[in-house]
Amino acid sequence: MFHPPITLAGWPSADRRSRLVFIVRGIPRQIIENTLCKFAAVSRAAIQRSAA
């Protein structure tokens, strides 16, 4: 399940890094990390194709 982004009126603190929160049951951390790496690779490849 994915929840849509929420727009905040302002940053809640001086720390302005974005975060992804995964609440999972029965999915090993390595599987999630591998999946994110694959998403990142596809995204990088798409950006490189559009810049060419």
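In what follows, residues are counted from 1 in the order of the sequence shown.
To the nearest 0.5 Å, atoms CZ (Arg29) and CG (Asn34) are separated by 11.5 Å.
By the 6.0 Å contact criterion, CZ on Phe22 is enclosed, its count of non-hydrogen atoms from other residues, nucleotides or ligands being greater than 12.
Residues satisfying the side-chain contact (heavy atoms from CB on, under 4.5 Å) test with Ile27, not counting sequence neighbours, are Val24, Ile31, Ile32. Applying the side-chain contact (heavy atoms from CB on, under 4.5 Å) criterion to Leu8, with sequence neighbours excluded, gives Ile6, Pro12.
Across all non-hydrogen atoms, the minimal contact from Arg19 to Arg17 is NH1-O, 2.9 Å.
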